[in-house]
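Notes follow once the structure below has been shown.
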Amino acid sequence: MSNEFHIVVCGSIVPDPLQTLEPVQGAQGPELKNEMMLPAVLDPWAGHALYEAANLAAKNPGSKVWLVSLGPKAKLQQVMMNIAQKVPFELVCADGSASGFTDSFEVATVLAQSIEGIQGLDKSKLLVFGGWQSASRGSGAVMQMLGELLGISEQFQGVDKLTAGDDGSLEIMERIEGGAYQVSACNGTPAVLGWATGELPEPPNNPQVGMQNMRLVMPALQQAKPADVVQGSSLAFAAVELPQQRRETRVVKDMPVEDMAREIVEWLNS
C-alpha cells in the first residue's frame, strides 16, 4: 500500500563553494564582492532535501514534488538548467535576493506566501522539506518559522532518514549530539522536515527528465513575483568580515587530554 504526498522542497542558490567569498558593503547593505558574477549552485542541504523528496514521491504513486525557491531569476535559470535534469519537480519561484544577508523571518514569510499560492496543493498531504542548514547562512531558523507560518507543529530538524508506513505514519531519524540519533514517530502529514545529508547520492543527469521539467521551469521563472527581502528589511548589520585565523593548529601525538584542556583554557584566557 502506498501513500500520496504533496512534497514542497524549499531551496535556493548559493555561490559555488570553490569560490573565494569576500563580504563588502553595498548600496543596500552587506553583500559578497562581485556576487552576481559568482557561479551559483543549488544549496547543498536543499539538494539533499530535493533528492529525498523525489525518492519518496517515486515510491508513492500519485505524489508530487514542488521546488519553492527565492532568488534572482537570472541566476535561478542558470542553476535550473542543471538541477532540472536530476529529478522531476515543478518550480515555484520568487524573484529576490538569495544572499546570506537577509532576515530569516522575512525569507520564511516569502516562502510561506509562495506555498500558499500553489494551485492544487492539499495541505492534508503536505510535507515541507528544506535544508537544516544553509551554505549561505546557517541560521537554522527559516524552516522552523516557515512551519509556524503554515500552522504546522510537527517539525523535525537534522533529518537523515524518513520512513513512511503503510498507514501513512512517519518514522523520522534526526541527528542529535555525539553522533547519536533520535527516532521519532509521527502520525502522518502535515510535517516540516529540515534535512541534514540524508542517505541518497546526487542522481545522475537524465535529459528526458530535464526536458519535462524545463517546460514548467521557464514559465515559472517568467511569472516569478518580486520579493524584496533586503530593502524592506528591519534587519541591520553593524559590520561583516571574514573569520580571522586566531590560532595555529598543532598536531601532537598522544597528548594527554588534561594537557589539551589546559592549553585550550590558557588560550581562551589569553
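Both backbone and side-chain heavy atoms feed into the values below; hydrogens, waters and symmetry mates do not.
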Check: Within the side chain of Asp95, is there an N or O that forms a donor-acceptor pair under 3.5 Å with the backbone of Pro226?
Finding: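 Side chain of Asp95 to backbone of Pro226, a donor-acceptor pair under 3.5 Å: no, none is there.
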
Check: With distance as the sole test, does Glu52 use its side chain to make a donor-acceptor pair with the main-chain N or O of Glu199 at under 3.5 Å?
Finding: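 Such a contact is found between Glu52 side chain and Glu199 backbone.
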
How close do [X] and [Y] get, heavy atom to heavy atom, and via which atoms?
| X | Y | value |
| --- | --- | --- |
| Pro44 | Ala135 | CD-CB, 3.8 Å |
| Phe89 | Leu91 | CD1-N, 3.9 Å |
| Val65 | Ala53 | CG2-O, 3.8 Å |
| Gln144 | Gln157 | CG-NE2, 3.7 Å |
| Ser97 | Leu70 | O-CG, 3.7 Å |
| Asn60 | Leu56 | ND2-O, 2.9 Å |

Taking [Y] as the starting point, is it possible to reach [X] by hopping between hydrophobic residues whose side chains are less than 4.5 Å apart?
| X | Y | value |
| --- | --- | --- |
| Ile7 | Val87 | yes |
| Ile152 | Val142 | yes |
| Leu67 | Val209 | no |
| Leu150 | Val159 | no |
| Val68 | Leu76 | no |

Are any of the side-chain heavy atoms of [X] and [Y] separated by less than 4.5 Å?
| X | Y | result |
| --- | --- | --- |
| Pro203 | Tyr51 | yes |
| Ile115 | Leu121 | yes |
| His48 | Glu202 | no |
| Val265 | Asn269 | yes |
| Phe5 | Lys125 | no |
| Val14 | Val41 | yes |
| Trp195 | Phe129 | yes |

Checklist line | Chi angles and distances behind the side-chain contact (heavy atoms from CB on, under 4.5 Å) call for Leu32, Val24 | finding: CA-CA 6 Å; Leu32 296 176; Val24 296; over 6 Å; no

Only pairs under 3.5 Å count here: list side-chain donor-acceptor contacts from residues 183-194, not counting sequence neighbours, and write none if there are none.
residue, atom, partner, partner atom, Å
Ser184, OG, Glu174, OE2, 3.4
Thr189, OG1, Ser124, O, 2.5

Next item on the list: Tell me yes or no: between the side chains of Asp43 and Ser134, is some donor less than 3.5 Å from an acceptor?
Entry: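 Judged by distance alone, the side chains do pair up.
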
Margin query: Can you confirm if the aromatic rings of His6 and Trp66 lie within a centre distance of less than 6.0 Å?
Written below: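 Here the rings of His6 and Trp66 have centres that are less than 6.0 Å from each other.
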
Note to self: For Lys123, is there an ion pair with Glu116 - N to carboxylate O distance below 4.0 angstrom?
What the structure shows: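 Yes, charged N to carboxylate O under 4.0 Å.
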
Margin query: Any carboxylate oxygen within less than 4.0 angstrom of a Lys/Arg side-chain nitrogen, looking at Asp160 and Arg175?
Written below: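 Yes, this pair counts.
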
Margin query: Please determine whether side-chain contact (heavy atoms from CB on, under 4.5 Å) holds for the pair Leu221 and Val217, giving the CA-CA distance in whole Å, both sets of side-chain angles, and the decisive distance to 0.1 Å.
Written below: CA-CA 6 Å; Leu221 288 167; Val217 166; 3.8 Å; yes

Note to self: Tell me every residue that passes side-chain hydrogen bond (donor to acceptor under 3.5 Å, both in side chains) with Asn205, counting only those two or more places apart in sequence or in another chain.
What the structure shows: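 So Asn205 forms a side-chain hydrogen bond (donor to acceptor under 3.5 Å, both in side chains) with Lys86.
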
Margin query: Please determine whether side-chain contact (heavy atoms from CB on, under 4.5 Å) holds for the pair Phe105 and Met145, giving the CA-CA distance in whole Å, both sets of side-chain angles, and the decisive distance to 0.1 Å.
Written below: CA-CA 7 Å; Phe105 178 74; Met145 294 180 183; 3.7 Å; yes

Item checked: More than 12 heavy atoms of other groups within 6.0 Å of Met81 CE ->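 Atom CE in Met81 is not packed in, count stays at 12 or less.
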
Next item on the list: Answer yes or no: are there more than 12 heavy-atom neighbours, outside Lys75 itself, under 6.0 Å from its atom NZ?
Entry: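 Yes, enclosed.
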
Note to self: Does Met211 form a side-chain contact (heavy atoms from CB on, under 4.5 Å) with Gln85? I'd like the steps, not just the answer.
What the structure shows: CA-CA 8 Å; Met211 291 176 64; Gln85 298 188 58; over 6 Å; no

Would you give the length of the straight line joining atom [atom1] of [X] to atom [atom2] of [Y], rounded to the nearest 0.5 angstrom?
| X | Y | atom1 | atom2 | value |
| --- | --- | --- | --- | --- |
| Cys93 | Lys225 | SG | NZ | 11.5 Å |
| Met173 | Lys161 | CE | NZ | 6.0 Å |
| Asp103 | Glu106 | CG | CD | 4.5 Å |
| Ser114 | Leu146 | OG | CG | 9.5 Å |
| Ile118 | Glu90 | CD1 | CD | 8.0 Å |
| Met260 | Met255 | CE | CE | 7.0 Å |

